[in-house]
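Attaching a single structure in structure tokens format; questions to follow.
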Amino acid sequence: MQNIRHFFLRPSIEAGPNRWDWALLPVVLAILVVLGWGAAQMAKPYQVGQPLPISLDPLLLPYYLLRTSLRMFLALGASLVFACAFAVLAAKSRAAEKILVPMLDILQSIPILGFLSITVTGFIALFPGNLLGVECAAIFAIFTSQAWNMAFSLYQSLRTVPTELREAARVFQLSGWQRFWRLELPFAMPGLLWNMMMSMSGGWFFVVASEAISVSNQDIKLPGVGSYIAMAIEAKDLGAVGWAIATMLAGILAYDQLLFRPLVAWADKFRFEESGGEDAPRSWLLSWLRRAEAVQRLADWGLAKLERSFTFFVRPYDGTSIRARPRATAAKWQRAWDAAIAAIVMFAVARLALFVNAEVGFAEVGHVFLLGLTTLLRVLLLIGLAALVWVPVGVWIGMNPRWSGRLQAVAQFLAAFPANLLFPVVVVVLVRFKLNPDIWLSPLMVFGTQWYILFNVIAGASSIPTELRLAARNLGLTGWLRWRRYLLPAIFPAFVTGAITASGGSWNASIVSEYVSWGDTTLEAHGLGSYIAHMTAAGDFPRIALGISVMCIFVMGLNHLLWRRLYRLAEERMHF
């Protein structure tokens, strides 16, 4: 049990509160008061159609930042729970994997506006006469921009746990519950933390769509930075846009110092080799918490409860028992399960064909598929260019912890920068120089999603064992040989996770990137994203459903034919 304790803060000391506790107390009380007041604002009485006061006064931005941050952290907590449940089920059950992984492919390809249009009415009905219903719809929309990335990261980590560690867990007769807490979660922690940072940034990228909601022919703008940005774009107020960017930067710096930097420094314990040298991540807040005796006692209490749960979830037999041998699923049940899945898919395809034939016709389907091929070409080209740029940068940052700490907040800010704020510059430049929108609007698709590659590569490079780095140095590996034999195999599983989430995010981002507006000027590139955006503006539901369905088909096909094969390659040969 002491091994678990070693991973957390430090052993408890029987002593009363010290000066660090008294210094921490007013900070904790102030945070609780602010959070409680902000939560109370989210549960006020409200009726649909009632206008919510939103102003472009910069003095209100701290309040808007509080409301937006509460939504994002609630969504992040829900995303973490979802990621753990999904990853465990998909990684440990082949039957569940056949359902869950394609389902996640579909979910990440559905635009955030599609989730809002489906769920907002239900949430409002769940909390009638209260603003909490709309708040829940906004939180769910942010959740859909965060959860898929974290789920893929944890799933990939569980599938690529080194064989020797699996054997050790088997030798020590760890149950599934014990193995998750003692081995799998610690192994996945570095990558999961970097993907949590990316998920927070992804929430900022879609915060405008999640806080400015349209339902029942009513426009609802919840108080928040996203609604502030939406109003600034409508009013073409560049000064307000500047204030919004400054507020975002302040918020990102705050939660980087108060949450992610302490977590990254704490998670350095989960590396295979001994850490804690000069290059180890540092956090002033973590050092403060380690000196506070009350925090230590609270951490020890939580650890004691976790350790106690290990005594309840144990294997009822030892490793020499016949029952310990793995049992293969009976072939007849496997075939029955596959047949059931195939029947469900065929039924869904038949219903979709009838719907398409009745509402839009198959000629429209062919046109939309051609648009999808155009967007597919953009996605593949942009992901390839982003990989060429950010893989070397991510490896360098990940292998230099000192620079990793310095650039952590910068990377989060760049990843959080909403593409909407670039629309004024993009529209003015394209109109001024008469540039082709089909070419020059394309970079907007990857502007917010390229960071998935960077963050995952940083996580992969930072977790390379020290002995492997020393071996490569002793062998004198340089140039392309160093990349081919050492660096690329080491970061390959993390790169695949970043690429698959960047690809799905790029398809989603195409809706706002291929159809750009600033004031009265609208620029449109040919593609599936602009088709969905145009039909959404026109209110043509059958064609909206057709566009989203075709996008799901392309995303699932690309994931199955390319990314899943790379996943299998990473599982079989490219982990240490």
- Item | Inter-residue atom distance D237.CG - M231.CE, 0.5 Å rounding |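 Here the interatomic distance stands at 9.5 Å.
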- Message: What I'd like to find out is whether the side chain of I453 reaches to under 4.5 Å of the side chain of V389, using heavy atoms alone.
- Response: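 Counting from C-beta outward, I453 and V389 never come under 4.5 Å.
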- Mind checking whether L285 and Q257 have side chains closer than 4.5 Å, heavy atoms only?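 No. Closest side-chain heavy atoms not under 4.5 Å.
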- Message: As a quick check of understanding, evaluate side chain to side chain contact (heavy atoms under 4.5 Å, CB included) for Q41 and L66, giving each step before the final call.
- Response: CA-CA 11 Å; Q41 302 302 307; L66 172 64; over 6 Å; no
- Query: Between the main-chain N or O of P128 and the side-chain N or O of Q47, is there a donor-acceptor pair closer than 3.5 Å?
  - Reply: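 No, the answer is negative, given that no donor and acceptor are paired below the 3.5 Å cut-off.
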- Query: How are the rings of F86 and F152 set relative to one another: parallel (under 30°), tilted (30 to 60°) or perpendicular (over 60°)?
  - Reply: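 Judged by the thresholds at 30° and 60°, the geometry between F86 and F152 is perpendicular.
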- Query: So how far is it from I383 CD1 to Y452 OH, rounded to the nearest 0.5 Å?
  - Reply: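 So the gap between those two atoms works out to 10.5 Å.
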- For the student: nearest non-hydrogen atoms of I229 and A244, plus distance: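 Smallest heavy-atom distance, with atoms named: CG1-CB, 3.7 Å.
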- Task: Examine distances only and state if a side-chain atom of S227 and a backbone atom of P223 form a donor-acceptor pair shorter than 3.5 Å.
- Result: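 Not a single qualifying donor-acceptor pair exists.
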- Task: For S157, enumerate each residue passing the side-chain hydrogen bond (donor to acceptor under 3.5 Å, both in side chains) test, keeping only those at least two apart in sequence or located in another chain.
- Result: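 For S157 there are no side-chain hydrogen bond (donor to acceptor under 3.5 Å, both in side chains) partners, ignoring immediate neighbours.
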- Query: Is a donor on one side and an acceptor on the other found under 3.5 Å between the side chain of T375 and the backbone of G372?
  - Reply: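 No: the side chain of T375 does not pair with the backbone of G372.
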- Query: Sequence neighbours excluded, which residues qualify as side-chain hydrogen bond (donor to acceptor under 3.5 Å, both in side chains) partners of W507?
  - Reply: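 For W507, no residue satisfies side-chain hydrogen bond (donor to acceptor under 3.5 Å, both in side chains) once neighbours in sequence are set aside.
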- Side-chain donor or acceptor of Y228 paired with backbone N/O of L56 under 3.5 Å: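 Yes, because the side chain of Y228 sits within donor-acceptor range (under 3.5 Å) of the backbone of L56.
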- Close side-chain approach of V395 to W483, heavy-atom, < 4.5 Å: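 In short, these two side chains touch, coming nearer than 4.5 Å.
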- Message: Looking at every heavy atom in both A151 and F82, which two are closest together, and how far apart are they?
- Response: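 Reported closest heavy-atom pair: CB-CE2, 4.0 Å.
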- Item | Validation row: I142, S145 side chains within 4.5 angstrom (heavy atoms) |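 Of all side-chain heavy-atom pairs linking S145 with I142, at least one is under 4.5 Å.
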- Message: With a 3.5 Å distance limit and no angle check, can you tell me whether S530 reaches the backbone of G527 through a side-chain donor-acceptor pair?
- Response: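 Yes, S530 side chain to G527 backbone: donor-acceptor pair under 3.5 Å.
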- Item | Nearest-0.5 Å distance, CD1 of residue I544 to NE2 of residue H534 |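 It is 11.0 Å, given to the nearest 0.5 Å.
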- Where at least one partner belongs to residues 428-440, residue pairs that pass salt bridge (Lys or Arg N to Asp or Glu O under 4.0 Å), sequence neighbours excluded: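 Only R378-D438 qualify under salt bridge (Lys or Arg N to Asp or Glu O under 4.0 Å).
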- Query: Going from CH2 on W148 to OG on S199, what distance comes out if it is rounded to the nearest 0.5 angstrom?
  - Reply: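 Answer for the CH2-OG pair, W148 versus S199, is 11.0 Å.
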- Task: With rounding to the nearest 0.5 Å, note down the distance linking CD in Q296 to CZ in R291.
- Result: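 One finds 11.5 Å between CD of Q296 and CZ of R291.
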- Task: Please list all pairs passing the ring-ring contact (aromatic ring centres under 6.0 Å, His included) test where one or both residues lie in residues 24-52, with sequence neighbours left out.
- Result: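 Matches after skipping sequence neighbours: W37-Y63.
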Review item, side-chain donor-acceptor pairs of residues 496-505, under 3.5 Å, at least two apart:
{"residue": "T497", "atom": "OG1", "partner": "Q156", "partner atom": "OE1", "Å": "3.2"}
{"residue": "T497", "atom": "OG1", "partner": "P493", "partner atom": "O", "Å": "3.3"}
{"residue": "T497", "atom": "OG1", "partner": "Y567", "partner atom": "OH", "Å": "3.4"}
{"residue": "T501", "atom": "OG1", "partner": "T497", "partner atom": "O", "Å": "2.9"}
{"residue": "T501", "atom": "OG1", "partner": "G498", "partner atom": "O", "Å": "3.0"}

- Query: Partners of F495 by ring pair (Phe, Tyr, Trp, His ring centres under 6.0 Å), sequence neighbours excluded?
  - Reply: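 Per chain and number, F495 pairs via ring pair (Phe, Tyr, Trp, His ring centres under 6.0 Å) with no residue.
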- Shortest non-hydrogen contact from M150 to N195?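 Minimum heavy-atom contact is CG-O, 4.0 Å.
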- Query: Under a 4.5 Å cut-off applied to non-hydrogen side-chain atoms, are F73 and L259 in contact?
  - Reply: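 In contact.
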- Could you walk me through whether I124 and V134 pass the side chain to side chain contact (heavy atoms under 4.5 Å, CB included) test, one step at a time? CA-CA 6 Å; I124 291 176; V134 185; 4.0 Å; yes
- Quick one: does T144's side chain have a donor or acceptor within less than 3.5 Å of a partner on A141's backbone?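 Here the side-chain-to-backbone pair exists.
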- Hey, are the side chains of I54 and E211 touching, using non-hydrogen atoms and a 4.5 Å cut-off?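 A side-chain contact is absent here, since even the closest heavy-atom pair is not under 4.5 Å.
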- Task: Would you check if the side chain of S506 reaches a backbone N or O of V446 as a donor-acceptor pair within less than 3.5 Å?
- Result: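 No; zero donor-acceptor contacts below 3.5 Å.
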- Message: Once rounded to the nearest 0.5 Å, what's the spacing between atom CZ of F455 and atom CE of M197?
- Response: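 Here the rounded value is 7.0 Å.
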- Side chain S462, main chain A459, donor-acceptor under 3.5 Å: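 At least one qualifying donor-acceptor pair exists.
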- With sequence neighbours excluded, what pairs up with Y531 under the side-chain hydrogen bond (donor to acceptor under 3.5 Å, both in side chains) test?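 Residues passing side-chain hydrogen bond (donor to acceptor under 3.5 Å, both in side chains) with Y531: E364.
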- W563 CH2: over 12 foreign heavy atoms closer than 6.0 Å: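 Enclosed.
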- Item | Sequence neighbours excluded - side chain to side chain donor-acceptor pair (under 3.5 Å) pairs with any residue from residues 133-142 |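 The answer is R67-E135, R71-E135.
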- Task: For N130, check side-chain hydrogen bond (donor to acceptor under 3.5 Å, both in side chains) against everything at least two apart and list the hits.
- Result: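 Per chain and number, N130 pairs via side-chain hydrogen bond (donor to acceptor under 3.5 Å, both in side chains) with no residue.
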- Task: Report the residues that fulfil side chain to side chain contact (heavy atoms under 4.5 Å, CB included) with W440, sequence neighbours left out, ordered by chain and then residue number.
- Result: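 Counting only residues at least two positions away or on another chain, W440 forms a side chain to side chain contact (heavy atoms under 4.5 Å, CB included) with L430, L435.
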- Message: Please give me the minimum heavy-atom distance between G529 and S510, naming the atom from each residue.
- Response: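 Of all heavy-atom pairs spanning G529 and S510, the closest is CA-OG, 3.5 Å.
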- Item | For W396, ring pair (Phe, Tyr, Trp, His ring centres under 6.0 Å) partners two or more places apart |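 Once residues adjacent in sequence are excluded, the partners of W396 under the ring pair (Phe, Tyr, Trp, His ring centres under 6.0 Å) criterion are W403.
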- Query: What closest approach, in Å, do I139 and A75 show between heavy atoms, and which atom pair accounts for it?
  - Reply: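 Here I139 and A75 meet closest at O-CB, 3.6 Å.
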- Might you work through the side chain to side chain contact (heavy atoms under 4.5 Å, CB included) test for I245 and L249, ending with a clear yes or no? CA-CA 6 Å; I245 294 174; L249 178 59; 5.7 Å; no
- Task: Please lay out, stage by stage, how L52 and K221 fare under the test side chain to side chain contact (heavy atoms under 4.5 Å, CB included).
- Result: CA-CA 7 Å; L52 293 170; K221 286 185 172 61; over 6 Å; no
- Message: Quick check: do L185 and L192 have side-chain heavy atoms less than 4.5 Å from each other?
- Response: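 They are in side-chain contact.
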- Message: If you compare all heavy atoms of L441 against all heavy atoms of L523, which two are closest, and at what distance to 0.1 Å?
- Response: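 Answer, listing the atom of L441 first, then L523: CD1-O, 4.0 Å.
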- Query: C136: what forms a side chain to side chain contact (heavy atoms under 4.5 Å, CB included) with it, not counting sequence neighbours?
  - Reply: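 C136: side chain to side chain contact (heavy atoms under 4.5 Å, CB included) contacts with F123, F127, L132.
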- Taking side chain as C-beta onward, heavy atoms only, is L76 less than 4.5 Å from L80?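 No; the side chains remain at least 4.5 Å from each other.
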